[in-house]
Amino acid sequence: MHDTYNPTAIEAAARALWDATGVDAADETRSAEHYYCLAMFPYPSGKLHMGHVRNYTIADVIARFQRMQGRAVLHPMGWDAFGLPAENAAIQHGVAPAQWTRENIAHMREQLKSLGLSYDWSREFATCDPDYYRWEQWLFTRLVEKGLAYRKNAIVNWDPIDNTVLANEQVIDGRGWRSGALVEQREISQWFLRISEYADELLEGLDHLPEWPEAVRTMQRNWIGKSRGMSIRFPVENCPACDELEVFTTRPDTLFGVTYLAVAAGHPLAQSVAERREDIAQFCAECLRGSTAAADLETQEKRGMPLGLLARHPLTGDILPIWVANFVLMGYGTGAVMSVPAHDQRDWEFAQAYDLPIRAVIAGPDGEAPDVRDAAFTDTGPLIRSDDFDGLDFTAAFSAIRDALEEEGLGEERIQYRLRDWGVSRQRYWGCPIPIIRCGHCGDVPVPEEQLPVHLPEDVIVTGGASPLTTMDDWKAVDCPRCGRAATRETDTFDTFFESSWYYARFASAGCADAMLDDRARQWTPVDQYVGGIEHAILHLLYARFFHRLMRDEGLLDSSEPFTRLLTQGMVLADSWSRDVDGRKEWIAPDRVTLERDDKGRISGGTLTETGELVSHEGMVKMSKSKNNGIDPEAMIARYGADTVRLFIMFAAPPEASLEWSDTGVEGASRFVRRFWRMVQEHVASRPEPHGPARDELRRKVHETIAKATDDIGRRQTFNTAIAAVMEMLNTVTALRETAGYETVQEALEAACLLLAPIIPHTAQALWERLGHDGPVVTAPWPQVDESALTVSTLELVVQVNGKLRGRISVPVEAARDAVLTAAREDENVMRFIDGKTIRKEILVPGKLVNLVVG
RNA sequence: GCCGAAGUGGCGGAACUGGUAGACGCGCCGGAUUCAAAAUCCGGUUCUGGCAACAGAGUGCGAGUUCGAUUCUCGCCUUCGGCACCA
């Protein structure tokens, strides 16, 4: 055993012991309560970044804590291995995506191991393993048979840089989420999953996830976007191709205020007119092309053209013009709206621009027609100018107008969701092949179970452009499983969100060879604690909730939600620095900057270390390649050891908040670990003495700390305050070590070891042994609070006069109210403030304070 | 625009149920140790006044409820995050 703290040796020894004893393996045969702790698995991009380290450390602390509670813990790790970066690397470096991916995995696995993360590595898999993806192919064929997966032609978001289709969720501000390219609209044949079928259940389920952050639930609620309204059909007067136009509205109460109808550029009605009119065709083409490009323009002008078609109002019989307009979305509702300019701001702006009539039919607050000269009046209120419906409020008018339209057969109530079916086809190579055979005779035929998996060929050359699968004739050619005639394979692959939607369940059934999941998945799921970034609040978490239900309905699981408790960790930030190079900002890595501080110690600037050149501080921003401010975890571990890195990350901020990287903060964490180490060395080298007079005081601190740290880690998940409490306790040990006695110090140091074991496991392991214990600290039981150590004989109370702190008194625990109040009144300083005044009220908060109200 | 989260010392943060604001750490200041430095240890550190005891002010701003408000209510301001022509 070394006297000086040597993290490399300590960490290697601790990990060797854990590996030899198999303490990290999940054992479902143990009779103990089960606990499934999971961190979002990484994409194997090459090496870990600090965001990964934070994510996995948080989850590891929770897993280790739960193990020490005696639970059987499942804490697995794997790889979200399919995806575009592998193809990009293949193009750049001429290496096959499979090889690139597997090399990255090998490196990152070692990095994870160097952090001391307590994974059950026997369950590891990568989603590009055929043993994994065969089962999602199987599930997909089941979904096709059930009608929950289907193929249709659809206008899709086309990313012209990545040459692929994007899900709506992958389009951010009109740009591809990875490439940043402006997205175009194209129509191709796509496979879809009918997530809309589950929209209501996914929405309702959010109410039963009390341990998810409210922010995430709100985002999902908004994403699903449930609206109650009506479908209304307007008969079209002068169109040979169609006899009515259907719209969706949430405001049927404003039906009498409709002055025109508007359709999207992609709407069949607009398209049919475009066939015979060049100006309309041109306008529509412009809208379709520009729709996404213009979406990021803050103030898009309302534009449109009259189609020359006329519709009849279903109740008044009035004739209304039909326009094509750029503000109507093809992807929502029916792609057509009834326009009520008096009561809808968009309709109002459009009417202003084209001088269309505005007719108010909802009374303002004064009961009169509202003023709509400057803006639409969008509140609800009693109806006016609406025939028999005048005077009805929103709810009554909704029902009455619905009934009237239903009677005419011109409308009905309808629930509309913003959520659309999930397009899962990708025209990419490095993904899971969609298990479909296209037969000229039988159509789309799912690959039969006995022919699964459809292997993805791995010896390919990726050149960019179209997927290599499209030109691999040997691979594509196949006999139709139904009729035996020559057919071809589907060459599209799944969206990679497909793989990450069910991996948590497969970890529980790792190695299962004859089914997607086995009974162990029922045992372990739902995941008790899921940890990951807030950036997955909508996409991944919504798809996983959807898949869990699909697997449930397939009889594989018996719960409805995949993740019981969700922790979304904050970003990792670091100082960013720049200098001006020919009028352009060049970002300087923080380790090349020497800080300058003012006399308060505040950072006032910095210079480039090698040249002394001034550089400007650009603030604390998320660590990123573009800002060149990433801190390499591997370098930090090499310099300080994994435990110091873990401690700093857990101590610097609560897990949900963003974390500001600080070199001096890391030094502080390192200082604490070494101090703890030295304290134990000095303690075991000292001579056992009998109890000293400070024994009770130290024991009280120790057991208060056990209570607080247990609650902070287990319930509150405020690891930073748990660490602070242990630091405080060790400060007390230092102060009382001479007077508290050897045995009490031993008890305190053992408690510190156990309480810190989830956070700095290697150091805790070494010190646990040094304190005279055998075996892994991982399996040592969590310390228990000795209630008798918490008792005190006197209490310190604060005395306030009129709410202001004026003194402190020390009273026996058993002192009666009157005795306490007397002591408060007799405090020297308090007397100065109550002297000569009348005490109007005396408030005693037991164990806390006395407040004397004087006047 | 809508939704969500947050504003506390020089900095990261603490104060959990309305009850001592600033725990713990960083930084800074002073001291010890050292030939010296590193490392380590001890003390101080919200601001203002005072040698001190102590007093006054203080949790984004303005009101309110209360014996008492960082915490609750109302109205603003700012920052960050998400969604965004969703009919």
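Chain letters run A, B, ... following the sequence lines, proteins first, then strands; residues in each count from 1.
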Please give the distance between the [atom1] atoms of [N] and [M] as a whole number of Å.
N	M	atom1	answer
B:G60	B:A53	C1'	35 Å
B:U70	B:G82	P	33 Å
B:G25	B:U73	C1'	36 Å
B:G31	B:G68	P	47 Å
B:G13	B:A6	P	13 Å
B:G12	B:G7	P	12 Å
B:A38	B:U45	P	25 Å
B:G56	B:C3	P	43 Å

Go through the structure and list residues passing salt bridge (Lys or Arg N to Asp or Glu O under 4.0 Å) with [X], not counting sequence neighbours.
X	answer
A:Glu828	none
A:Glu412	A:Arg233
A:Asp207	A:Arg221
A:Asp253	A:Arg251

Please tabulate, one pair per line, each protein N/O and nucleotide N/O from nucleotides 41-44 of chain B that are separated by under 3.5 Å, including the distance.
from, atom 1, to, atom 2, distance (Å)
B:C41, OP1, A:Arg678, NH2, 3.1

So, OP1 or OP2 of [N]: does either fall under 4.0 Å of a side-chain N or O from [X]?
X	N	result
A:Ser227	B:A87	yes
A:Arg420	B:C86	no
A:Asn222	B:A84	no

Would you mind classifying the nucleic acid contact of [X] as base, sugar-phosphate or nothing, using non-hydrogen atoms under 4.0 angstrom?
X	answer
A:Gly668	sugar-phosphate
A:Val247	nothing
A:Lys226	nothing
A:Val337	base
A:Arg674	sugar-phosphate
A:Thr718	nothing

Please produce a list of atom pairs where a protein N or O lies less than 3.5 Å from an N or O of nucleotides 30-34 of chain B.
none

Whole angstrom is fine here: how far is it from [atom1] in [X] over to [atom2] in [N]?
X	N	atom1	atom2	answer
A:Ile224	B:G82	CD1	C1'	15 Å
A:Leu659	B:G81	CG	P	17 Å
A:Leu647	B:C24	CG	P	16 Å
A:Ile649	B:G13	CD1	P	15 Å
A:Leu852	B:C67	CG	C1'	10 Å
A:Leu566	B:G4	CG	C1'	15 Å

Do NZ/NE/NH1/NH2 and the carboxylate oxygens of [X] and [Y] come within less than 4.0 Å?
X	Y	result
A:Arg303	A:Glu286	yes
A:Arg808	A:Glu796	no
A:Glu682	A:Arg737	yes

Among the candidates [options], find the nucleotide nearest to the side-chain atoms of [X].
X	options	result
A:Pro654	B:A87, B:A14, B:G4	B:A14
A:Asn731	B:C16, B:C24, B:G12	B:C24
A:Arg716	B:C86, B:G4, B:C16	B:C16
A:Phe248	B:A87, B:C26, B:C3	B:A87

Hey, what are the protein-to-nucleotides 17-23 of chain B N/O distances that come in under 3.5 Å?
from, atom 1, to, atom 2, distance (Å)
B:U20, O2, A:Arg808, NH1, 2.6
B:U20, O2, A:Arg808, NH2, 3.3
B:A23, O2', A:Glu728, OE1, 2.9

Give the C-alpha distance, both sets of side-chain angles, the deciding distance and a yes or no for salt bridge (charged side-chain N to carboxylate O under 4.0 Å, His left out) between A:Arg806 and A:Asp827.
CA-CA 9 Å; A:Arg806 297 301 181 187; A:Asp827 179 86; over 6 Å; no
Modelled atom types, side-chain donor and acceptor of A:Arg675 and A:Asn731, under 3.5 Å:
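Result is yes, a qualifying pair exists.
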Check whether the side chains of A:Thr763 and A:Tyr5 place a donor and an acceptor atom closer than 3.5 Å, and report yes or no.
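Their side chains do contain a donor-acceptor pair, which is all the 3.5 Å distance test asks for.
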Pairs under 3.5 angstrom, nitrogen or oxygen only, protein versus nucleotides 48-54 of chain B, please.
none

Which atom of A:Gly229 lies closest to which atom of A:Phe398, heavy atoms considered:
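Shortest heavy-atom separation between A:Gly229 and A:Phe398 comes out as O-CZ, 3.7 Å.
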Could you name each residue pair satisfying salt bridge (charged side-chain N to carboxylate O under 4.0 Å, His left out) that touches residues 714-733 of chain A, not counting sequence neighbours?
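Qualifying pairs, neighbours excluded: A:Lys701-A:Glu728, A:Asp711-A:Arg715, A:Asp712-A:Arg716.
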Once ring-ring contact (aromatic ring centres under 6.0 Å, His included) is applied, do any residues pair with A:Phe234, and if so which ones, sequence neighbours excluded?
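A:Phe234 satisfies ring-ring contact (aromatic ring centres under 6.0 Å, His included) with no residue once adjacent residues are dropped.
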For the pair A:Glu697 and A:Arg700, evaluate salt bridge (charged side-chain N to carboxylate O under 4.0 Å, His left out) and give the outcome as yes or no after the intermediate values.
CA-CA 5 Å; A:Glu697 190 184 344; A:Arg700 190 181 320 125; over 6 Å; no
Can you confirm whether or not the ring centre of A:Phe648 sits under 6.0 Å from the ring centre of A:Trp661?
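Yes, ring centres under 6.0 Å apart.
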Report the relative orientation of the aromatic rings in A:Tyr354 and A:Phe350; use parallel for angles under 30°, tilted for 30 to 60°, perpendicular for over 60°.
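Because their plane-to-plane angle lies in the 30° to 60° range, the rings of A:Tyr354 and A:Phe350 count as tilted.
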Relative to the 5' end of RNA chain B, which residue comes earlier, A:Lys804 or A:Thr250, by the nucleotide with the nearest heavy atom?
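Closer to the 5' end of RNA chain B: A:Lys804.
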Upstream residue (5' side of RNA chain B) when A:Arg346 and A:Ile723 are each assigned their closest nucleotide
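Looking at the nearest nucleotide for each, A:Ile723 comes out on the 5' side.
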Kindly write out the residues that satisfy side chain to side chain contact (heavy atoms under 4.5 Å, CB included) with A:Arg414, not counting sequence neighbours, or none if the list is empty.
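A:Arg414: side chain to side chain contact (heavy atoms under 4.5 Å, CB included) contacts with A:Ser231, A:Glu246, A:Phe248, A:Thr334, A:Gln416.
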Look at the side chain of A:Arg825 and the backbone N and O of A:Val820, then say whether any donor-acceptor pair between them is shorter than 3.5 Å.
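No; judged by distance alone, with no hydrogens or angles, the pair does not exist.
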RNA chain B base-pair string [pairs: Watson-Crick or G-U under 3.5 Å; |: paired with another strand]:
(((((((..(((......[....)))((((((.......))))))((((....))))..(((((..]....))))))))))))....
Syn versus anti for B:G4, judged by chi lying within 90° of 0?
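Anti for B:G4; the angle lies over 90° from 0.
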Side-chain donor/acceptor contact of A:Arg221 with base of B:C3 under 3.5 Å:
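Donor-acceptor pair under 3.5 Å: no.
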